[in-house]
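First the structure, in the form of structure tokens, and then the observations on it.
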Amino acid sequence: MASLSVGGAHSSLRTLSLFPTPPTIRMLKHHPVLNCTPFFTTPSLFSPKNLSLRSSNHRAGIAWMSTTTSPVGKDDQKLISGQPNEKVVQVSSWIDYLPKEIQPFAKLARVDKPIATLAAASGSIPDFRNLAVFACAAPFFRGAACTINDFFDRDFDKMVERTKERPMASGAVTPFQGLCFFAFQLLLSHGIFLQLTNYSWIIEAAFIFLSCTYPLMKRLTYWVQAYLGLTINWGAILGWYAVKGSLQPSIVLPLFLSGCFWTILYDTIYAHQDKEDDVKVGIKSTALKFGESTKEWITGFAIASIGTLALTAYNAALGRPFYVFLAAASGQLAWQIRTANLSSPADCNRKFVSNKWFGALIFCGILLGRIFP
């Protein structure tokens with residue numbers, strides 16, 4: 001099923017960076033971008049069951065994207081066996097050492113799948129004030145996205161082996177408690193965002209709207225991963241405005257689109273984990289839409305993502321180091337697509353999580369390209 005992630009990751013709401021880490025609530029819940037040190041700051045903010053975000057900047061730009069991926073929690077690691085000899089993998093999380101009363105809420109917020117942000121001024125080190133604000137707000141906002149995703153998906157999650165033990169699906173957290181926790185996280189993130197150098201309530205409100213409506217998209221369209229891309233990569237717009245106090249379409253638009261293309265790529269791979277269960281419960285995804293042509297489709301999105309990243313760098317006057325890292329990141333995407341076994345849930349999860357390396361490469365490229373123009 002689908003998930004979502006912020007500030008570097010929905011991927012998806014199924015399951016945390018514009019490109020973050022890698023957060024999909026697949027990002028938010030997993031998102032490679034949302035869960036990893038994002039480059040643009042990060043998988044997803046949100047994926048059909050997870051979420052993540054990110055963003056980037058120009059001369060005084062910020063890179064804050066979702067995209068996802070750090071170690072995944074036990075509930076998300078119980079993979080559906082796609083091959084006879086494929087073993088179910090369980091990975092411990094530091095959450096398991098918290099008091100039992102707190103564990104369900106920590107899992108609900110995916111606090112073991114952090115998101116990152118990046119800020120940098122031309123020829124200098126990042127603006128640490130704005131960087132600190134995003135770093136503090138991202139976990140709460142991403143957690144809120146994951147929580148609302150689980151609220152809407154709780155009945156679906158019960159029917160999927162990989163997600164049936166999530167807090168609200170299992171009953172460890174009631175729907176009312178989940179909504180209260182959601183509101184609490186939003187209030188915390190809002191209070192932190194108010195400390196930004198340039199704050200826009202309109203941009204934040206749009207961000208909240210996208211995050212809250214993303215979980216519903218998997219019921220309406222096969223292009224849910226595209227909506228996830230719009231959601232988790234909204235952080236690029238928020239981050240740029242925070243630094244510049246205005247929007248520069250020649251840089252922000254291609255950056256935003258690049259994150260969207262990347263999100264569709266990695267969250268489609270992620271969605272292949274649940275395609276059989278999705279058909280049974282009536283959930284839509286690009287994995288089902290693309291079917292046997294998935295690799296051709298995601299190759300196209302990979303090319304589009306790299307191309308728009310290059311355009312962003314050119315318009316932002318990033319230095320040569322960025323292009324070196326962009327070439328390496330292109331190789332990482334090519335490896336993902338070439339080696340992905342879309343019939344193996346375990347391998348799909350591994351490829352999804354590997355997007356943290358893509359996010360890290362772009363992050364480093366932006367940072368060094370800004371310091372050494």
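All of these numbers come straight from a predicted model, not from anything done at the bench.
A donor-acceptor pair under 3.5 Å is formed between the side chain of S200 and the backbone N or O of I203. The backbone N or O of I337 sits less than 3.5 Å from a side-chain atom of K295, completing a donor-acceptor pair. Side-chain N or O atoms of Q332 include one that pairs as donor or acceptor with a backbone N or O of S354 at under 3.5 Å. For T163 (side chain) and D157 (main-chain N/O), a donor-acceptor pair under 3.5 Å exists by modelled atom type. For the pair Q195 (side chain) and G191 (backbone), a donor-acceptor distance under 3.5 Å is present. Without hydrogens or angle criteria, T221 side chain to M217 main chain gives no donor-acceptor distance under 3.5 Å. Between the S344 side chain and the D347 main chain, a donor and an acceptor come within less than 3.5 Å of each other. Proximity of a side-chain donor or acceptor of N149 to a complementary backbone N or O of P215 within less than 3.5 Å is not detected.
Judged by a 6.0 Å distance limit and a 45° cone about the ring axis, R154 is not positioned over the six-membered ring of F156.
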* To do: Step by step, work out the side-chain contact (heavy atoms from CB on, under 4.5 Å) result for S330 and F325.
  => CA-CA 9 Å; S330 300; F325 281 91; over 6 Å; no
* To do: Please assess Y199 against F193 for the test side-chain contact (heavy atoms from CB on, under 4.5 Å), listing each intermediate value before the final yes or no.
  => CA-CA 7 Å; Y199 167 76; F193 280 140; 4.2 Å; yes
* List the steps and the verdict of ring pair (Phe, Tyr, Trp, His ring centres under 6.0 Å) for W262 and F301. => CA-CA 7 Å; W262 180 42; F301 286 117; over 10 Å; no
* To do: I would like to know whether L368 and F322 meet side-chain contact (heavy atoms from CB on, under 4.5 Å); could you show each step before the answer?
  => CA-CA 7 Å; L368 295 178; F322 173 80; over 6 Å; no
* To do: Dump the intermediate steps for side-chain contact (heavy atoms from CB on, under 4.5 Å) on L186 and S189, then the final yes or no.
  => CA-CA 5 Å; L186 276 188; S189 62; 4.3 Å; yes
* Could you give me the CA-CA distance, side-chain angles and deciding distance for Q336 and N355, then say whether side-chain hydrogen bond (donor to acceptor under 3.5 Å, both in side chains) is met? => CA-CA 9 Å; Q336 278 189 61; N355 280 277; 3.0 Å; yes
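Taking a cutoff of 4.0 Å between a charged side-chain nitrogen and a carboxylate oxygen, K218 and D153 qualify as a salt bridge. Of the charged side-chain nitrogens involved, at least one lies within less than 4.0 Å of a carboxylate oxygen, so that K158 and D155 count as a salt-bridged pair.
Y222 pairs by the side-chain contact (heavy atoms from CB on, under 4.5 Å) definition with K284, L288, K289, not counting sequence neighbours. Every residue two or more places apart in sequence or in another chain that forms a side chain to side chain donor-acceptor pair (under 3.5 Å) with T174 is listed here: Q177. Contacts of R320 classified as salt bridge (charged side-chain N to carboxylate O under 4.0 Å, His left out), with partners at least two apart in sequence or in another chain: none. With sequence neighbours left out, the side chain to side chain donor-acceptor pair (under 3.5 Å) criterion links Y227 to T213. A search for side-chain contact (heavy atoms from CB on, under 4.5 Å) contacts involving T294 returns T268, H272, F290, I298, L342, not counting sequence neighbours. Remark: L188 engages F140, F184 in a side-chain contact (heavy atoms from CB on, under 4.5 Å) (not counting sequence neighbours).
With no hydrogens or angles considered, no side-chain donor-acceptor pair links Q225 and S285 at under 3.5 Å. For S305 and S258, the side-chain atoms include at least one donor-acceptor pair closer than 3.5 Å.
In this structure the side chain of L247 reaches within 4.5 angstrom of the side chain of Y241, judged on heavy atoms. The side-chain heavy atoms of D277 and M159, taken from C-beta on, include no pair separated by under 4.5 Å. At least one side-chain heavy atom of L257 sits under 4.5 Å from a side-chain heavy atom of F261. Using a 4.5 Å cut-off on side-chain heavy atoms (C-beta onward), I208 and C212 make contact. At least one side-chain heavy atom of E204 sits less than 4.5 Å from a side-chain heavy atom of H190. Taking the side chain as every heavy atom from C-beta outward, F152 and L216 approach each other to under 4.5 Å. At least one side-chain heavy atom of S211 sits less than 4.5 Å from a side-chain heavy atom of F141.
A287 and A271 make their closest contact through CB-CB, 3.6 Å (heavy atoms, listed as atom of the first residue, atom of the second, distance). In this structure, A236 and L255 approach most closely via the heavy-atom pair CB-CD2, 4.0 Å.
Considering CZ of F182 and CD1 of I148, their distance stands at 4.5 Å, rounded to 0.5 Å. In this structure, I306 CD1 and T308 OG1 are separated by 8.0 Å, a value rounded to the nearest 0.5 Å. Considering CG of L238 and CG of L196, their distance stands at 6.5 Å, rounded to 0.5 Å. Taking CH2 of W234 as the start and CZ of F209 as the end, the distance is 11.0 Å to the nearest 0.5 Å.
Few gaps surround CD on E296; more than 12 heavy atoms of other groups in view lie less than 6.0 Å from it.
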